[in-house]
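Let me begin by presenting the structure, written as structure tokens, before commenting on it.
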Amino acid sequence: MAKKILLGCIADDFTGATDLANNLVRAGMRVVQTIGVPAEALDTDADAVVVALKSRTVPPAEAIAQSLNALDWLQKQGAQQIYFKYCSTFDSTAQGNIGPVTEALMAALGTSFTIATPAFPDNKRTVFKGYLFVGDVLLNESGMQNHPLTPMTDANLVRVLQAQTSAQVGLIDHAAVAQGEAAVRARIAALQAEGVGIAIVDAVSNADLLRLGPALKGMPLVTAGSGVAIALPANFGIAPSVQAAELPAASGLQAIVSGSCSVATNQQVLDFIQSGRPAFALDPLRISAGVDVAGEALAWADQHIATGPVLVYSTAEPAAVRAIQGELGVEQAGAMVEQTIAAIARGLVERGVRQLIVAGGETSGACVQALGIAQMRIGGQIDPGVPWCFAASDVAPEGLHLTLKSGNFGTADFFSKAFAQLTP
Ligand code: ADP
């Protein structure tokens with residue numbers, strides 16, 4: 001039986017879960033990420049488990065049900081503190097789900113106070129006087145005001161959160177945070193006396209988060225982006241160590257599948273091709289015409305894979321993507337390409353690939369599902385927000401190394417850098 005975990009985390013989306021896990025590993029915790037709520041008890045030792053949900057934009061009642069289910073499982077694994085993780089741009093709809101889920105977790109944990117802060121200075125997300133900045137501008141000027149699912153039109157997080165919850169929302173401002181633990185604890189006591197249930201916390205630097213950390217010791221529930229994670233392991237007596245990121249030795253063949261069309265991924269694909277490595281481009285129109293494009297890609301891979309990494313990609317420039325979307329419809333094109341890439345990923349692992357890079361958030365979700373992966377051990381960081389992971393799959397029961405790169409992460413040489421990191 002596995003030892004009890006210390007920190008139990010509930011993340012409202014998949015790549016956000018990995019981002020949090022990555023920060024906890026960097027701060028010294030050994031971390032497992034699960035895809036959804038596991039049916040069984042944890043069968044491996046870990047200091048923290050991050051349960052990845054898909055609850056950011058579902059109806060609030062559904063998000064609450066998923067989150068309470070995750071809470072129940074994490075408590076059964078011994079979690080002493082619960083961390084509800086959301087996006088560092090506080091992505092939410094008018095109904096939630098940050099407020100409703102926070103309230104439900106507080107009730108289930110029997111606690112009347114928690115904090116909320118998406119501050120993540122490493123990624124230029126800072127909070128001052130309760131206002132969220134993305135880089136140099138306010139949240140509502142950052143482009144997030146035009147997000148298709150969660151438009152953020154107000155940067156004042158006290159107001160944003162207050163609209164989503166019946167709990168009273170207050171602010172622990174920078175003046176308190178800058179003075180450290182005692183001042184934060186005093187501010188919390190004062191807010192609680194006023195009836196405040198959830199306090200937005202200012203933080204403009206990692207030093208602020210590290211000053212805040214000790215004041216969160218023993219708080220049953222913490223809600224935050226991934227930034228606060230850098231300060232929590234120390235509360236459990238854990239310091240950064242290389243052991244936290246240790247994965248089994250890498251073996252097997254290497255491959256990359258890419259369904260991301262972001263600027264960064266376009267550069268990474270180009271960089272790989274220009275280095276003279278073998279690459280196979282998927283044509284969405286042939287997929288929609290019913291051609292077995294996955295079969296073609298795998299037959300091509302058979303010719304090249306023994307001698308080094310291969311790349312299979314649908315990655316394209318914006319104009320090409322728009323043309324395909326115009327022809328097939330946005331969702332239809334997306335789903336079709338995702339399913340094809342997922343089938344290719346599975347075929348590659350069946351052929352002996354044990355070091356797999358997947359580029360694209362949605363693409364990663366489809367691949368993990370096709371590979372029958374239920375949980376991943378989190379290893380060392382390749383680039384900010386992107387660690388190597390190790391996971392068992394039904395087509396690789398002994399496990400494979402994989403990394404799930406969400407669109408805009410990673411330097412241009414990410415693919416070669418990632419494989420080099422696995423080579424001793
Ligand atoms: P990112 O992390 O960059 O947003 P995602 O995988 O989340 O990447 O999203 C990319 C979406 O674009 C997926 O649904 C994918 O199937 C779709 N897609 C990939 N290539 C193409 C293409 N050539 N034309 C149209 N859609 C594409």
Side-chain angles (χ1 to χ4, degrees), residues 11-20 22 35 52-54 56-57 87-89 91 123 142-144 146-150 226 255-273 279-289 291 293-294 296-297 311-346 356-371 373 382-387 389 402-412 414-415 418:
D12 70 352
D13 91 333
F14 189 85
T15 42
T18 310
D19 182 11
L20 171 61
N22 183 57
I35 290 95
L53 301 178
K54 235 178 163 227
R56 185 169 295 167
T57 56
C87 191
S88 65
T89 39
D91 297 18
N123 253 353
S142 70
M144 277 304 297
N146 300 319
H147 191 283
L149 300 176
T150 53
S226 66
I256 305 146
V257 292
S258 175
S260 160
C261 298
S262 71
V263 174
T265 307
N266 268 290
Q267 283 170 351
Q268 289 152 357
V269 165
L270 191 65
D271 185 84
F272 185 85
I273 294 170
F280 184 96
L282 299 169
D283 179 352
L285 291 180
R286 297 188 71 235
I287 301 173
S288 89
V291 178
V293 174
E296 289 178 357
L311 164 66
V312 178
Y313 67 102
S314 67
T315 306
E317 298 285 347
V321 174
R322 273 196 299 275
I324 296 291
Q325 288 173 336
E327 197 129 338
L328 306 176
V330 175
E331 275 178 31
Q332 176 86 2
M336 240 174 37
V337 172
E338 281 165 33
Q339 286 320 309
T340 304
I341 293 181
I344 292 167
R346 188 175 166 89
L356 179 67
I357 298 175
V358 184
E362 294 299 324
T363 308
S364 292
C367 289
V368 162
Q369 193 173 25
L371 288 167
I373 289 172
I382 305 162
D383 267 325
V386 203
C389 308
L402 89 161
T403 180
L404 309 169
K405 188 195 80 73
S406 86
N408 266 320
F409 284 165
T411 54
F414 179 86
F415 298 154

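Sequential numbering from 1 along the given sequence is applied to the chain's residues. Atoms within a ligand are numbered from 1 in the order they appear, just like the ligands themselves.
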task = Say whether Lys405 and Ser258, considering side chains only, have a donor N or O and an acceptor N or O under 3.5 Å apart.
result =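 No, no side-chain donor-acceptor pair sits under 3.5 Å.
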
query = In terms of side-chain heavy atoms, does Ser226 have a donor or acceptor partner in Asp19 at a distance below 3.5 Å?
reply =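 On atom types as modelled, these side chains qualify, holding a pair under 3.5 Å.
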
Nitrogen or oxygen contacts under 3.5 Å, ligand 1 side and protein side:
{"from": "ligand 1", "atom 1": "2 (O)", "to": "Gly361", "atom 2": "N", "distance (Å)": "2.8"}
{"from": "ligand 1", "atom 1": "2 (O)", "to": "Gly407", "atom 2": "N", "distance (Å)": "2.8"}
{"from": "ligand 1", "atom 1": "3 (O)", "to": "Ser260", "atom 2": "OG", "distance (Å)": "2.7"}
{"from": "ligand 1", "atom 1": "6 (O)", "to": "Glu362", "atom 2": "N", "distance (Å)": "3.4"}
{"from": "ligand 1", "atom 1": "6 (O)", "to": "Thr363", "atom 2": "N", "distance (Å)": "3.0"}
{"from": "ligand 1", "atom 1": "6 (O)", "to": "Thr363", "atom 2": "OG1", "distance (Å)": "2.6"}
{"from": "ligand 1", "atom 1": "7 (O)", "to": "Gly361", "atom 2": "N", "distance (Å)": "3.2"}
{"from": "ligand 1", "atom 1": "7 (O)", "to": "Glu362", "atom 2": "N", "distance (Å)": "2.7"}
{"from": "ligand 1", "atom 1": "14 (O)", "to": "Glu338", "atom 2": "OE2", "distance (Å)": "2.5"}
{"from": "ligand 1", "atom 1": "16 (O)", "to": "Gly334", "atom 2": "O", "distance (Å)": "2.8"}
{"from": "ligand 1", "atom 1": "20 (N)", "to": "Ser314", "atom 2": "O", "distance (Å)": "3.3"}
{"from": "ligand 1", "atom 1": "20 (N)", "to": "Ser314", "atom 2": "OG", "distance (Å)": "2.8"}
{"from": "ligand 1", "atom 1": "23 (N)", "to": "Ser314", "atom 2": "O", "distance (Å)": "3.0"}

ask   = Could you go step by step and tell me if Thr15 and Phe409 meet the side chain to side chain contact (heavy atoms under 4.5 Å, CB included) rule?
value = CA-CA 11 Å; Thr15 42; Phe409 284 165; over 6 Å; no

Listed once per pair and sorted, the salt bridge (Lys or Arg N to Asp or Glu O under 4.0 Å) pairs that draw on residues 315-340, sequence neighbours left out =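 Salt bridge (Lys or Arg N to Asp or Glu O under 4.0 Å) check on residues 315-340 returns no pairs.
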
inquiry  = Would you compute the distance between atom CG of Asn22 and atom SG of Cys389 and round it to the nearest 0.5 angstrom?
reply    =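 That separation rounds to 8.5 Å.
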
Criterion side chain to side chain contact (heavy atoms under 4.5 Å, CB included) on Leu282 and Glu296, from CA distance to verdict = CA-CA 9 Å; Leu282 299 169; Glu296 289 178 357; over 6 Å; no

